[in-house]
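Quick notes on the structure that follows.
As the structure is a computational prediction, the values presented were derived from the model and not from experiment. Quick note: residue numbers are just sequence positions, from 1.
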Amino acid sequence: MPNAPQHYLVITALGVDRPGIVNTITRHVSSCGCNIEDSRLAMFGEEFTFIMLLSGSWNAITLIESTLPLKGAELELLIVMKRTRSHAAPPMPSTVRVKVDVADSPHLIERFTDLFDSYQLSIAELVSKTQPSAEHEPPQLYIQITAHSPARLNGSIIEQAFYQLCTELHAQGSISVVNYPQHEEKEGDQP
């Protein structure tokens with residue numbers, strides 16, 4: 001039934017990385033009749049985490065909910081599942097992307113997420129990675145953040161605040177602010 005309502009499930013699988021484990025999980029998802037709508041995989045130490053948004057019929061989602069815990073136990077994975085709904089994202093006329101390199105110390109990521117929060121930006125992606133550095137030097141932290149704004153942004157204001165924070169933290173950073181033209185036209189059409 002192509003017009004049957006779709007159901008959605010978010011799954012997180014966490015466990016020791018080994019060859020073939022992701023293929024085993026995706027094969028199981030497919031065998032249950034589910035589709036992977038979105039996914040992310042990341043390595044943390046010797047552990048991997050695999051996050052997926054699945055869609056499927058009520059029967060397919062129920063089947064994966066009932067069979068994945070056993071498959072997870074066989075693979076020595078911690079599995080977390082939660083039903084969700086399809087989500088039409090509201091228009092976000094502005095996107096901000098930053099990249100930062102800085103000597104690692106506590107609270108750095110918080111300082112940048114706080115900056116985004118102060119401008120009511122919704123963080124869509126945050127990637128951070130600490131790299132060991134040369135002897136007697138602190139490790140380097142790399143941060144990449146993408147965020148969206150429900151309102152058009154004055155790019156120069158957030159850029160100034162971002163570079164001021166980078167200067168305060170002795171960080172190297174870059175920022176780009178994109179205002180999408182289709183949102184300008186819609187705003188201009190309103191009385």
Side-chain angles (χ1 to χ4, degrees), residues 1-100 104 106-131 139 141-151 180:
M1 284 189 265
N3 292 334
Q6 290 291 292
H7 295 262
Y8 297 88
L9 184 69
V10 175
I11 295 175
T12 300
L14 173 67
V16 176
D17 185 38
R18 56 190 178 273
I21 196 161
V22 172
N23 184 47
T24 302
I25 295 167
T26 58
R27 190 174 336 115
H28 185 74
V29 166
S30 295
S31 73
C32 289
C34 294
N35 184 50
I36 300 173
E37 297 279 332
D38 198 357
S39 66
R40 304 284 187 282
L41 186 139
M43 296 297 302
F44 298 102
E46 293 180 351
E47 307 298 313
F48 85 99
T49 184
F50 191 26
I51 303 169
M52 297 174 282
L53 172 63
L54 306 181
S55 66
S57 67
W58 184 87
N59 288 342
I61 295 296
T62 301
L63 182 59
I64 194 83
E65 285 176 317
S66 63
T67 60
L68 192 58
L70 181 58
K71 181 61 75 176
E74 288 173 16
L75 299 170
E76 299 177 7
L77 297 174
L78 174 63
I79 303 283
V80 177
M81 297 181 279
K82 184 175 189 296
R83 288 247 184 168
T84 189
R85 289 190 252 173
S86 177
H87 171 65
M92 296 288 181
S94 296
T95 296
V96 178
R97 289 184 179 87
V98 299
K99 293 181 181 181
V100 179
D104 192 23
H107 306 289
L108 288 174
I109 295 171
E110 173 190 352
R111 296 290 304 275
F112 286 97
T113 59
D114 186 53
L115 174 70
F116 279 70
D117 186 52
S118 69
Y119 285 91
Q120 285 92 36
L121 294 165
S122 177
I123 295 176
E125 181 179 70
L126 187 152
V127 176
S128 67
K129 181 79 173 162
T130 303
Q131 295 288 338
L141 174 64
Y142 169 77
I143 306 168
Q144 182 175 321
I145 302 173
T146 300
H148 305 291
S149 172
Y180 298 101

Could you grab the distance from atom [atom1] of [X] to atom [atom2] of [Y], nearest 0.5 Å is fine?
| X | Y | atom1 | atom2 | result |
| --- | --- | --- | --- | --- |
| I36 | L53 | CD1 | CG | 10.0 Å |
| D114 | H107 | CG | NE2 | 12.5 Å |
| Q144 | F112 | CD | CZ | 13.0 Å |
| T24 | K71 | OG1 | NZ | 7.0 Å |

Quick one about [Y] and [X] (side-chain donor to acceptor, distance below 3.5 Å, no hydrogens or angles considered), yes or no?
| X | Y | result |
| --- | --- | --- |
| T95 | Y180 | yes |
| S57 | H7 | no |
| Q6 | Y8 | no |

Which pair of non-hydrogen atoms, one from [X] and one from [Y], has the smallest distance, and what is that distance?
| X | Y | value |
| --- | --- | --- |
| C34 | I61 | SG-CD1, 3.9 Å |
| P93 | S149 | CD-O, 3.1 Å |
| A151 | S94 | O-OG, 3.4 Å |
| A60 | C32 | CB-O, 3.3 Å |
| I64 | P69 | O-CD, 4.2 Å |

task: Before giving the answer on side chain to side chain contact (heavy atoms under 4.5 Å, CB included), spell out for V16 and F48 the whole-Å C-alpha distance, their side-chain angles and the decisive distance to 0.1 Å.
output: CA-CA 6 Å; V16 176; F48 85 99; over 6 Å; no

query: Between E65 and R83, is the closest basic N to carboxylate O distance under 4.0 Å?
result: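 Yes.
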
Side-chain contact test, heavy atoms from C-beta onward, threshold under 4.5 Å: evaluate it for [X] versus [Y] and give yes or no.
| X | Y | value |
| --- | --- | --- |
| T113 | L126 | yes |
| H28 | L68 | yes |
| S39 | I51 | no |
| T130 | Y142 | no |
| I109 | I145 | no |
| I25 | L77 | yes |
| L14 | E47 | yes |
| T146 | V96 | no |

query: Taking it one step at a time, do M81 and I79 satisfy side chain to side chain contact (heavy atoms under 4.5 Å, CB included)?
result: CA-CA 7 Å; M81 297 181 279; I79 303 283; 3.9 Å; yes

message: Go through it in stages, so that I can follow the logic: the residues are V10 and M52, the test is side chain to side chain contact (heavy atoms under 4.5 Å, CB included), and I'd like the CA-CA distance, side-chain angles, deciding distance and then a yes or no.
response: CA-CA 6 Å; V10 175; M52 297 174 282; over 6 Å; no

task: Before giving the answer on side chain to side chain contact (heavy atoms under 4.5 Å, CB included), spell out for I143 and V127 the whole-Å C-alpha distance, their side-chain angles and the decisive distance to 0.1 Å.
output: CA-CA 6 Å; I143 306 168; V127 176; over 6 Å; no

task: Examine distances only and state if a side-chain atom of R40 and a backbone atom of T49 form a donor-acceptor pair shorter than 3.5 Å.
output: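 No; judged by distance alone, with no hydrogens or angles, the pair does not exist.
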
- prompt: Taking atom CD of Q131 as the centre, does the number of heavy atoms from other residues, nucleotides or ligands within less than 6.0 Å exceed 12?
  reply: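 It does: Q131 CD has more than 12 such atoms within range.
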
